[in-house]
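So the structure is just underneath, and the comments pick up after that.
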There are 2 protein chains.
Amino acid sequence: MPPEDSQNAAELLKAFSHPTRLAILLELVDGPKCVTDMEEILPARQANISQHLAVLRHAKLVDYAQDGTLRCYYLSRPRLVKDLLAVVERDDPVVKRTPAEIQADKERLAKAKAVTRASKSGREKAGKR
Amino acid sequence: MPPEDSQNAAELLKAFSHPTRLAILLELVDGPKCVTDMEEILPARQANISQHLAVLRHAKLVDYAQDGTLRCYYLSRPRLVKDLLAVVERDDPVVKRTPAEIQADKERLAKAKAVTRASKSGREKAGKR
DNA sequence: TTCAAGTATTCGATTATTCGAATGTATAAA
DNA sequence: TTTATACATTCGAATAATCGAATACTTGAA
């Protein structure tokens, strides 16, 4: 990941990291809903739901289509939302590693790096850009 | 997703949603590192990195193995971290939907729900628990 | 023992997030 | 045109997150 991107990625993830917003996204996964529908389901007041929807809109995670006086919200990037939720729901086992394993890993890494450096400088000599 | 779980999921995501913590996780994706290593790479002070590592530890995203005076951190749930980062890095195109599409979707959803209700009550009549 | 290196924790100060209450706005029906 | 419905926005107070500075802890070496 390019370094300045962790800024953007973090902002995107921040939009996900509130229980109410997560619940809204979960609702939208199985179809569009208007705010009234959400009010019936979520334990939050109307204004608060609107506030969270605003956050999700700014993150480009949702958008809406107006239908008379109703606003039907839907996922703007359904793939992203579904896949991310799937990853989070899954429970990945926690691994425990010994100092020896760590050491071995670091050595592997050091060697790999040396190779990368070598091939890079080789390419640069050969003709960069 | 069970309803009370959006609480936990949100907490997990909150651990991810800071640029420095994301950068730490990215570093750890390609191998264990001790705090000194991270200090050289990240634009943050030692104390701050330790603070963020504490957050990541509490979220069970990282752990460490002590090696003399060094603490080598590694990913406790590498699958989770890698997959989540992969999803976030990908750029999913933003879709725009018309009121008509939304309407069609809502109707599909309503029909599906009716079926679910019917089969559920059928199962209940047949012999619950 | 001391000492230094590597890391963690605590403490305030600052900034950001969150929520409810109140108010604003748009649309459709009367 | 009024009115009701469905949302959105603004404001202020409460809470939480963040950071640097200072300090504490732990380990290995002298």
Side-chain angles (χ1 to χ4, degrees), chain A residues 6-25 27-28 32-74 76 99 102-103 106, chain B residues 6-25 27-28 32-74 76 99 102-103 106:
Chain A
S6 55
Q7 193 64 242
N8 307 313
E11 281 200 43
L12 178 61
L13 286 165
K14 213 183 293 185
F16 279 92
S17 66
H18 186 284
T20 301
R21 288 197 293 269
L22 219 46
I24 291 173
L25 293 173
E27 285 302 322
L28 294 181
K33 301 245 179 333
C34 59
V35 182
T36 311
D37 296 333
M38 300 186 205
E39 281 184 61
E40 289 173 9
I41 300 168
L42 303 176
R45 317 282 166 114
Q46 177 266 322
N48 194 13
I49 294 180
S50 267
Q51 289 164 341
H52 285 302
L53 284 170
V55 172
L56 293 173
R57 260 185 284 127
H58 293 137
K60 300 216 179 302
L61 288 175
V62 305
D63 199 353
Y64 62 85
Q66 192 126 10
D67 169 23
T69 170
L70 301 179
R71 286 185 179 187
C72 294
Y73 276 83
Y74 61 89
S76 299
I102 300 288
Q103 194 46 39
K106 290 187 85 166
Chain B
S6 54
Q7 194 64 243
N8 307 312
E11 281 199 44
L12 179 61
L13 286 165
K14 213 183 293 185
F16 279 92
S17 66
H18 186 284
T20 300
R21 288 197 293 268
L22 219 46
I24 290 173
L25 293 173
E27 286 304 321
L28 294 181
K33 302 244 178 336
C34 60
V35 182
T36 311
D37 297 334
M38 299 186 205
E39 281 185 61
E40 289 174 9
I41 299 169
L42 304 175
R45 317 282 168 114
Q46 178 266 322
N48 194 14
I49 293 180
S50 267
Q51 290 164 341
H52 285 302
L53 285 170
V55 173
L56 293 173
R57 259 185 283 127
H58 294 138
K60 299 215 178 305
L61 289 175
V62 305
D63 199 352
Y64 62 86
Q66 192 126 9
D67 170 23
T69 171
L70 301 178
R71 284 183 180 190
C72 295
Y73 276 84
Y74 60 90
S76 299
I102 299 290
Q103 193 47 39
K106 290 188 83 164

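Hydrogens, waters and symmetry mates are skipped; everything else that's a heavy atom, side chains included, is used. Naming: A, B, ... by sequence-line order, numbering from 1 per chain.
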(request) Measure from the side chain of Val35(B), starting at C-beta and using heavy atoms only, and say which of dA8(C), dT9(D), dA6(D) lies closest. (result) dA8(C)
(request) Rounded to the nearest 0.5 Å, what's the gap from CZ on Phe16(A) to CG on Leu56(A)? Could you check? (result) 8.0 Å
(request) Quickly work out the Glu39(B) CD to dT7(C) C1' distance and round it to whole Å. (result) 9 Å
(request) Please step through side-chain contact (heavy atoms from CB on, under 4.5 Å) for the pair Asp37(A) and Lys106(B), ending with a clear verdict. (result) CA-CA 12 Å; Asp37(A) 296 333; Lys106(B) 290 188 83 164; 3.6 Å; yes
(request) Measure the distance from CD1 on Ile49(A) to P on dA6(D) and round it to the nearest whole Å. (result) 14 Å
(request) Let me know the distance between CZ of Phe16(B) and C1' of dA17(D), rounded to the nearest Å. (result) 18 Å
(request) Please state how far atom CG in Leu53(B) lies from atom P in dT7(C), giving the value in whole angstrom units. (result) 10 Å
(request) Any chance you could measure Lys14(B), atom NZ, to Leu22(A), atom CG, to the nearest 0.5 Å? (result) 11.5 Å
(request) Round to a whole Å and report the spacing from NE2 of His58(B) to P of dA8(C). (result) 11 Å
(message) side-chain contact (heavy atoms from CB on, under 4.5 Å) for Asp67(B) and Ile102(A)? Distances and angles first, verdict last.
(response) CA-CA 9 Å; Asp67(B) 170 23; Ile102(A) 300 288; over 6 Å; no
(request) Whole angstrom is fine here: how far is it from CE in Met38(A) over to C1' in dA6(D)? (result) 13 Å
(request) Please work out if Tyr73(B) contacts a base, only the sugar-phosphate, or nothing of the nucleic acid, heavy-atom cut-off 4.0 Å. (result) sugar-phosphate
(request) With side-chain contact (heavy atoms from CB on, under 4.5 Å) as the test, would you mind laying out the steps for Leu53(A) and Met38(A) before giving the verdict? (result) CA-CA 11 Å; Leu53(A) 284 170; Met38(A) 300 186 205; 4.2 Å; yes
(message) Please tell me if Ser50(B) has a side-chain N or O lying less than 4.0 Å from either OP1 or OP2 of dA8(C).
(response) yes
(request) Using atom NZ of Lys33(B) as one end and atom C1' of dT7(C) as the other, report the distance to the nearest whole Å. (result) 18 Å
(message) Would you say Arg71(B) places a side-chain N or O within less than 4.0 Å of OP1 or OP2 belonging to dG6(C)?
(response) no
(request) Establish whether the base of dT10(D) is bridged to the side chain of Gln51(A) by a donor-acceptor pair shorter than 3.5 Å. (result) yes
(message) So, does His52(A) get its side chain near the phosphate of dC19(C), meaning an N or O under 4.0 Å from OP1 or OP2?
(response) yes
(request) State which of dG20(D), dG20(C), dT27(D) makes the closest approach to the side chain of Gln66(B). (result) dT27(D)
(request) Nearest-nucleotide wise, let me know which of Cys34(A) and Ser17(B) is further upstream toward the 5' end of DNA chain D. (result) Cys34(A)
(message) If I take atom CG in residue Leu22(A) and atom P in nucleotide dT17(C), what distance separates them, rounded to the nearest angstrom?
(response) 17 Å
(request) Give a yes/no on whether any side-chain N or O of His18(B) is located under 4.0 angstrom from OP1 or OP2 of dC19(D). (result) yes
(message) Reading DNA chain C from 5' onward, which residue's closest nucleotide shows up sooner: Cys72(B) or Gln46(A)?
(response) Cys72(B)
(message) With a 4.0 Å limit, can you tell me whether Lys14(A) has a side-chain N or O closer than that to the phosphate oxygens OP1/OP2 of dT17(C)?
(response) yes
(message) From C-beta outward on Ala54(B), which listed nucleotide comes closest to its side chain: dT7(C), dT9(C), dG20(D)?
(response) dT9(C)
(request) Working to the nearest 0.5 Å, report the span between CG of Asp63(A) and SG of Cys72(A). (result) 12.0 Å
(message) Check the phosphate of dT9(C) against Arg57(B), side-chain N and O only, distance under 4.0 Å to OP1 or OP2. Yes or no?
(response) yes
